[in-house]
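A short write-up of the structure that comes next.
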Amino acid sequence: MFQRSLLFLLIALLIQSSFLFKISSALKEGKTCITNSNCDAGLHCETCIANTDFRPRCSRTQPINPISKAKELPFNKYSWLTTHNSFARLGEVSRTGSVILAPTNQQDSITSQLNNGVRGFMLDMYDFENDIWLCHSFDGTCFNFTAFQPAINILREFQVFLEKNTEEVVTIIIEDYVKSPKGLSKVFDAAGLRKFMFPVARMPKNGGDWPRLDDMVRQNQRLLVFTSDSHKEATEGIAYQWKYMVENQYGNGGLKVGVCPNRAQSAPMSDKSKSLVLVNHFPDAADLIVACKQNSASLLESIKTCYQAAGQRWPNFIAVDFYKRSDGGGAPQAVDVANGNLICGCDNFAACKGDGKCG
């Protein structure tokens, strides 16, 4: 009897050790996992309950960096993973000391987002406490309970990243409530970002191609900044967003299946006098649980619908909440699909060859 029990124990230990060995190895996308460390690089371990999938699986957090295969194309021939309200981090406490009652839209810091391949950032900037702050607020006014932190803190994270990563190009899109004279210019100068900023004078008018990415890198003009304030282009040299890009409706209006209406401030999606295309895909109310479903199959359908609405142009920016949440490929996969089509004409960017052909 003792020998039989011992045999069963040894078999159980063997099975357990075999299982642990399997999950300790780097696992590919879609494989069952227990912790993030089980998954391969560029993946993490999570469960998408919103898709009725209770099995934790390795899902993507990073797109393939398009410059790994093509550096010589115009900037408008690339697609970039973009975070909505990039600064509104889950669990954040206001630098005023107040509890934040405003909605949050992302899980990690700007530096972490940059390291995961995010290259487009939506920031809401306000005058607050005699400074420029990042707030997720309403009625054009920042309050203690909607204020996250002074903008310069976040802008310095971009400065550090651009100094260290000399071939990377970053875009900042500002929902602009700053009224103080030269307020935006002062905070970008104080953060040490002026030397990286792409000049408005070089931005194409009437839908022309942008300069080549490698040329932007060579001239160290690697930070594109857009504002929603139409006056800032003339007064501060910061580009008015809707002179250069079209954008679909944000929030629930941008989640409707089969349609891709333009945002009210934007020209129609089909207006090719603007050479950049931004696709929003997030709800009115950010939802960490549901985001994994929204960032999956419906996101892929959305960019394909907007491709048609934009006159058969793939999005240059794909903006989502909780970009790491999905049931597999998620927002990084959507960016890869767009880049595959832009760069080599196929849905699988991993199949793009260095000569711009689909392998």
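Values in this document were obtained by computation on a predicted structure and should not be read as measured data.
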* **Check ion pair Lys182-Glu236 (N to O, under 4.0 angstrom)** => no
* Asked: Using 4.0 Å as the upper bound for N to carboxylate O, is an ion pair formed by Asp40 and Lys31?
  -> no
Check whether the ring centres of [X] and [Y] lie less than 6.0 Å apart, and answer yes or no.
X	Y	result
Tyr307	Trp314	yes
Phe121	Phe87	no
Tyr78	Trp80	yes
Phe282	Phe322	no

* To do: Applying salt bridge (Lys or Arg N to Asp or Glu O under 4.0 Å), name anything that partners Arg222, two or more places apart in sequence or on another chain.
  => none
* salt bridge (Lys or Arg N to Asp or Glu O under 4.0 Å) with Asp229: which residues, sequence neighbours excluded? -> Lys232
Are the sulfur (SG) atoms of [X] and [Y] separated by under 2.5 Å?
X	Y	result
Cys306	Cys260	yes
Cys48	Cys292	yes
Cys58	Cys45	no
Cys344	Cys352	yes

Min side-chain heavy-atom separation [X]-[Y] under 4.5 Å:
X	Y	answer
Asn220	Phe196	yes
Ile318	Ser79	yes
Phe226	Asp176	no

* Structure fact -> side chain to side chain donor-acceptor pair (under 3.5 Å) filter on Arg202, not counting sequence neighbours, yields Asp215, Gln221
* Asked: Phe145 vs Phe138 aromatic rings, parallel, tilted or perpendicular, using cut-offs 30° and 60°?
  -> tilted
* **Plane angle bin for Phe75 and Phe317 - parallel if under 30°, tilted between 30 and 60°, otherwise perpendicular** => tilted
* To do: Report, as yes or no, whether the 6.0 Å neighbourhood of atom NZ on Lys205 holds more than 12 heavy atoms from other residues, nucleotides or ligands.
  => yes
